[in-house]
Number of protein chains: 2
Amino acid sequence: MQEETTGTKKRIRSDAARNEDAVLEAAKTVFATSGVDAPVREIAKTAGVGVGTLYRRFPKRSDLVVAVFKREVDACAADAKTLAKDHPPGEALSRWLRRYCRFIVTKKGLASALHSGDPAFDALPDYFRSNFEPALQNLLSAAAKAGEARSDIDAYDLLRAIGNLASAGSTSGGKAGGNAGDDPEHHEGMQHTYRMLDLMIDGLRYGKSG
Amino acid sequence: MQEETTGTKKRIRSDAARNEDAVLEAAKTVFATSGVDAPVREIAKTAGVGVGTLYRRFPKRSDLVVAVFKREVDACAADAKTLAKDHPPGEALSRWLRRYCRFIVTKKGLASALHSGDPAFDALPDYFRSNFEPALQNLLSAAAKAGEARSDIDAYDLLRAIGNLASAGSTSGGKAGGNAGDDPEHHEGMQHTYRMLDLMIDGLRYGKSG
DNA sequence: TTCAAATACGGAACAATGTTCCGTTTATCA
DNA sequence: TGATAAACGGAACATTGTTCCGTATTTGAA
């Protein structure tokens, strides 16, 4: 994403790069802990940085939100490739669907911001789709070719279906409780979501044919 | 809505009543002009009132939003009765559907607030439905009985359909432009919405039978 | 009509937040 | 090592929601 040896311009100063990363990491944590509406100051403090530093890189609060969102979309999409390399096609597919499920639940708070009408977020749905659809399509195709999944499922349909599943299953509200032992992975709703997801995965395996 | 001679408690002071009304009226105007996110101060100023006065009646900003919303739902639902009294059933029906259409377009900004997850607005969808559904049902039944509309249409379905129609047709964004000659009645989108609505109304007339 | 008590009023003041500014510190490079 | 450009930190500013309280108004009775 960043130009390092592109030569067209000076290199980014090392402390600047370090801080940009720290801010993104902090923002990810704080958004998950206190919701997307968490104050900028809290993020800056978590990152061990002044607000001025944060604002140089992300002139608007929404820019930070967008950056975090994209970064996590990237990470989730990248996992698709990793999983495809480390597992047999069917296994890679079902593992990634769980991974995607977790992504959706985590981003529950963001979702409402996305549809808030703020033009700052207009580009995100496209970003979401243009990264996830091919990622899933690859997994799907590979699994189908290996005879481990049916081939008549549209990747985008599946993304939407699981998205609905996961966001309906997680308890409402924007911010996570943040209390000890509060791992979302073990919430009742999350378990329910996983069960429903398993159902869909089974559906993908059995009707296989096309 | 307000108790005047209920005797259980003192009467509301006249200036208080006057101001409450002024604030609601101002809020309605300001919400339409600057969007639901308009500052409380702007509403107070428009009403010719101090913020303290506004806050005594509406302790939370959201209380004011809710009050305005309900008031307009009431007004729109009341128009159903008026129209039914002043026009033949089919005419009353189609006139009210246009009226409802206007309501939806005006409340476009509110709609996103409603689904923002703020618990303050939780009661509004019910309020909406429990007022509009019977209102429309009456018009539909009367028109059906008079042979001016089919009788196999569900009031709530129709409300939703027109709601979608109208909110899709109006240009996006929360606030109205507010420039001169900006009457929403004459916007391109509104005209389009009316044309679609006419289509539905014709549909109601012709397939009549049940 | 006049007066006292109850009630409501207005807007300054407070708190929380996003954002900007600028004097100070640090990284880079010769 | 020192000059310079870049980045830093956080105080200060602007905008809001909300609270407080001294002042003005309404009301009911004398």
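Each chain gets a letter, A, B and so on, in the order the sequences are listed, and its residues count up from 1. Side chains included, hydrogens not; waters and symmetry mates left out as well; all remaining heavy atoms used.
Atom CD in Glu42(A) sits about 17 Å away from atom C1' in dG10(D), given to the nearest Å. As a whole-Å value, the separation of Lys45(A) NZ from dG9(D) C1' is 13 Å. Distance Arg61(A) CZ to dT17(C) P: 10 Å, rounded to the nearest Å. The distance from atom CZ of Arg57(A) to atom P of dA6(D) is 13 Å, rounded to the nearest whole Å. Here dG17(D) presents its C1' atom at 15 Å from CG of Asp37(A), a figure rounded to the nearest Å. Put simply, CD1 on Ile43(A) is 12 Å from C1' on dT17(C), counting in whole angstrom units.
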Using residues 83-93 of chain B as the side-chain source, report each donor-acceptor pair under 3.5 Å to any protein atom, sequence neighbours left out, with the distance given to one decimal.
unit_1: Glu91(B); atom_1: OE2; unit_2: Arg95(B); atom_2: NE; d: 2.7
unit_1: Glu91(B); atom_1: OE2; unit_2: Arg95(B); atom_2: NH2; d: 3.3

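Checked against dC14(C), dA7(D), dG9(D), the side chain of Ala16(A) finds its nearest nucleotide in dA7(D).
Aromatic ring orientation, Trp96(A) versus Tyr100(A): parallel (interplanar angle below 30°, classes split at 30° and 60°).
Remark: Lys107(B) qualifies as a cation-pi partner of Phe103(B) under the 6.0 Å distance and 45° angle criteria applied to the six-membered ring.
Nearer the 5' end of DNA chain D, as judged by each residue's closest nucleotide, is the contact made by Gly50(A), out of Gly50(A) and Arg41(B).
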What does nucleotides 19-29 of chain D look like as a protein-contact string, B for base, S for sugar-phosphate only, - for none, at under 4.0 angstrom between heavy atoms? B-----BSS--

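Contact check, Asn19(A) against dC8(D): a side-chain N or O comes under 4.0 Å of OP1 or OP2. Between Thr53(A) and the phosphate of dG9(D), there is a side-chain N or O to OP1/OP2 separation shorter than 4.0 Å.
A donor atom on one side chain and an acceptor atom on the other are not found under 3.5 Å apart for Thr46(B) and Glu42(B). In this model, no donor atom of one side chain and acceptor atom of the other lie less than 3.5 Å apart for Thr29(A) and Glu25(A). Of the N and O atoms on the side chains of Asp74(A) and Tyr127(A), at least one donor lies less than 3.5 Å from an acceptor on the other residue.
Using a 4.0 Å cut-off between charged side-chain N and carboxylate O, Arg71(A) and Asp21(A) make a salt bridge. Under a 4.0 Å N-O distance rule, the pair Asp79(A)/Arg102(A) does not qualify as a salt bridge.
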Output a table of nitrogen or oxygen pairs between the protein and nucleotides 1-4 of chain C separated by less than 3.5 Å.
none

